[in-house]
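Everything on this sheet refers to the single structure shown next.
Note that this is a predicted model, so its numbers are computed, not measured. Residue numbering restarts at 1 for every chain, and letters A, B, ... go by the order of the sequence lines.
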Amino acid sequence: MQQKYDPHAIEREAQRYWEESGAFRATEAPGRPKYYCLSMFPYPSGKLHMGHVRNYTLGDVLARHHRMKGYNVLQPMGWDAFGLPAENAAMANGVPPAQWTYDNIAYMKRQLKSLGFAIDWSREIATCRPDYYKWNQWLFLKMLERGLVYKKTGVVNWDPVDQTVLANEQVIDGRGWRTGAPVEKREIPMYYMAITRYAEELLAALDGLAGWPERVKTMQANWIGKSYGVRFAFPYELDGRAEKLWVFTTRADTIMGVTFCAVAPEHPLAARAARDNPALAAFVEECKRGSVMEADLATLEKKGMPAGLSVVHPLTGEPVPVWVANYVLMAYGEGAVMGVPAHDERDFYFARQHGLPIRQVIQTRAAGADAFTPERWQAWYEAKDGVCVNSGKYDGLGYEQAVDAIAADLEAKGLGGKRVLWRLRDWGISRQRYWGCPIPIIHCADCGEVPVPERELPVVLPEDLVPDGTGNPLAKTPSFYECRCPKCGARARRETDTMDTFVDSSWYYLRYACPDNAHAMVDERVAYWLPVDQYIGGIEHAILHLLYSRFWTKVMRDLGLIAFDEPFTNLLTQGMVLNEIYFRRGAGGRITYYNPAEVEVRAGADGTRSAVLRSDGLPVESGGIGTMSKSKNNGVDPQDLIDRYGADIARFFMIFTSPPEQSLEWSDSGVEGAARFLRRLWSFAHEHHALIREESGRRGTQRAERGRLPNLAAVAPELAAVRREIHANLKQANYDFDRLQFNTVASAAMKMLNALSSVPRPAAAADAEREAARRLLLHEGMGILLRVLAPITPHVSHHLWRELGFGEDILAAPWPEPDPAALEEEEIELVVQVNGKKRGDVRVPRDADRKAIEEIVLADPTVRRFVSGQPVKKVVVVPGRLVNVVV
RNA sequence: GCCGGGAUGGCGGAAUCGGUAGACGCAGCGGACUCAAAAUCCGCCGGUGGCGACACCAUGAGAGUUCGACUCUCUCUCCCGGCACCA
């Protein structure tokens, strides 16, 4: 055995062994318990970043641990290969997105392999391959047939200079990222998937997802946003026609307090009112500036203008003025709201700003007539514990009675009724972009929108175009868009929009089960492997990706393609890997980001810190810390770490440095500790190896360590303590594996090595029985330690397992369980408190009862000192833990 | 703005059901080995006071519940993630 730990050599060797033995090739084995372990597939951005290493190490730990526990494990990998960065890279370098993407895939695949992940590469997929996205198109058409896909207009960011649609990410401070031009909102036709039809099930089924983090389920529930309320109308007359302005409210009990209505700038009524009102038209126009992002809209200064018309209150018959307000969202509810300034904080400020009347219609016990503070109204609002006042026939009714009575009256007048409102909106999937899956539709002048016939799928995306930032290249490529109408044969135009990349990632986990099936989207192998037993990915996907995947699963179930309801049984959401962000703002507001590795932080004499770019010594601005990303140029290349230390050390460090779900501010201080630990493991193993060889030489046998451990308590009590330590840490490690807290598994492994290292070397004239016991203990401990480490540091574990003669392949070894006999203790230690403060500890027999413990504790000199004669009120005994004497 | 989460020594973190705060590791300090350095090994290592035994303080801030709170409740501060076209 080599004396020196050479990670690169043993990693090459172990990886070759796995490759040649096809160790990670998964095959369907009905009857064996299966474990489908899936990490979110990467976008092939160029190189792996630390988030990938964290994600895939976590997945690999789970996959390898379950494999050793006897599961038939599938761990696949693929590429989320369509998307915007490829187009940006193409513009920057003049290389087609396809080539850039395939090059990146090749490079990143090599990186993943060098980390030794137990991946079945025979199932690799890339979403930009026609044999994959064909099925996007196929399912799109199935959904279209069933009315689950439909067309309507949607609002996008429009760059008026480049004449192109911008992604939210491409809008910086309200301006186009390339042109610096102020962005406008523009309405265009788009295809939508009717996810709202599944809103009820998507919400209700969250309760059944026992293996999902609560925080993710809460976020999804809030996103779906079911609210119960009343939808009702304010009648009005315009251009000689009777019309209705519909609104939705969750507080119909306050309807008698309505003093105005507000509509979104995009509302038809606003457009109509602006027609003969230039000032209002200018305001509506002003509201069109800026991006469509909700975060931007929600932080806008609240502005409004009278529409110059009024509607009729449905219950009082009084006229109610209509306003156009930028805080009303067209996309939520009816695009119009009732205004009740007395009982809604936002309405209150709006009314005060514009001199609108405030009419109190709810009173609570807690508040007097002068208690008009928005904070207080908020409390009433949430508690719903007031009664109606100034409300005519509804006076004295509580929240529920008032809502019931008012809804009934509205219903009787044909002006509304109770209604459930969802916050969830249908999923717009059209993108005016090149590098995505073509939408399989043909536009014919006579036949309208005609689906591409199934036999003509896939509609293949040309791979040789280079976008230039102005519009969609597909729309400028006649060889792509020129076609014949499948219905009438006339010249027609192919749809040039592509699909949202979330479509690609909504079902890829199914395709790993049957990546080679050219005739069907899914087959019986999907029934074997799915649903995914453990899904691992970043918390940033808590809502969109996971919700779309759940929706897609339910759609495929209803199409009879699969037979389960939810795609992911257990979910581990890893925290983000963060790093400093530095940038400079150039001319026209364009921002250039600098990698923290190129930046030097200097502390000034006055304690202030300033950052300068190393290359030119000039200052850069700090953008705080944030997720490592290509767009913020704050990634750290893990390759340096792997080249320098090898895969096992990189993996061990990644696991040890923080718990999986917590976000992690990147720092590599501490990686030396991981390296030191594995070197110590190696040299300990080397010493043990020599010991075994010596003993087997003496006995003339190949395998020396077959004997049974004697009763250590009798032979060598100090060894019994070591064995207790090993088994206690094994118990802890198994517990932590099960609760997915791997950082403390790594700690437990370190503690085991510390315990084994603490075993004293025998004196020159050691007695033979003791020496044999010592050797057997070390061997047992080493066998446990290597198996506990195998999921985290697979290469070195594989190597030492064979070297020390435990067996051929550690992957085939049974997972270790602690020996209860090793954990038994005659005496246990109890912490002693007086009035809740720790004052010492006592040792008591393991089976001492409460009364005996009380006697021992009250007789303890330290306790007596602190009690010092005061009467003992009570003695709290927590079995196995502590005793608290209250005086 | 809205939704979700987080904050513990100089640093990463541990504390499983409300029961010893700081496991394990990094950095630092002292020592051994060495011609020397690296590596390795041993010891110390939250703060304040004390020669010491020990005492007091301390888990972002402030209140509360409890025999007992890092853990539960309320208020606040700061940070991170998401907000529907980054993936």
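Ring geometry, A:His541 versus A:His545: the interplanar angle exceeds 60°, so the pair is classed perpendicular (tilted spans 30 to 60°).
Heavy-atom distances under 4.0 Å link RNA chain B to A:Gly673, A:Arg676, A:Arg679, A:Arg680 of residues 671-681 of chain A, given in residue order.
In this structure the side chain of A:Ile195 reaches within 4.5 angstrom of the side chain of A:Leu424, judged on heavy atoms.
In this structure, A:His541 places its NE2 atom 15 Å from C1' of B:C83, rounding to the nearest Å. Rounded to a whole Å, the CD atom of A:Glu661 is 16 Å from the C1' atom of B:G13. Rounded to whole Å, atom P of B:G19 lies 11 Å from atom CD of A:Gln833. Between A:Gln170 atom CD and B:C86 atom P the separation is 8 Å, expressed in whole Å.
Remark: A:Arg679 is not positioned above the aromatic ring of A:Tyr5, lacking an NZ or CZ atom under 6.0 angstrom from the ring centre and at most 45 degrees off the axis.
Under the Watson-Crick or G-U wobble criterion, with both distances below 3.5 Å, B:A38 has no partner in any strand shown.
Remark: the separation of the C1' atoms in B:G18 and B:G68 is 8 Å, to the nearest Å. The gap from the P atom of B:U66 to that of B:U71 amounts to 16 Å, rounded to the nearest Å. Comparing the P positions of B:G30 and B:U77 gives an interatomic distance of 45 Å, to the nearest angstrom. For the P atoms, the distance linking B:U65 with B:A14 amounts to 31 Å, nearest Å.
None of A:Phe82, A:Tyr508, A:Trp507 except one satisfies the ring pair (Phe, Tyr, Trp, His ring centres under 6.0 Å) rule with A:Tyr132; the exception is A:Trp507.
The residue A:Leu882 sits close to a base: some heavy atom pair falls under 4.0 Å.
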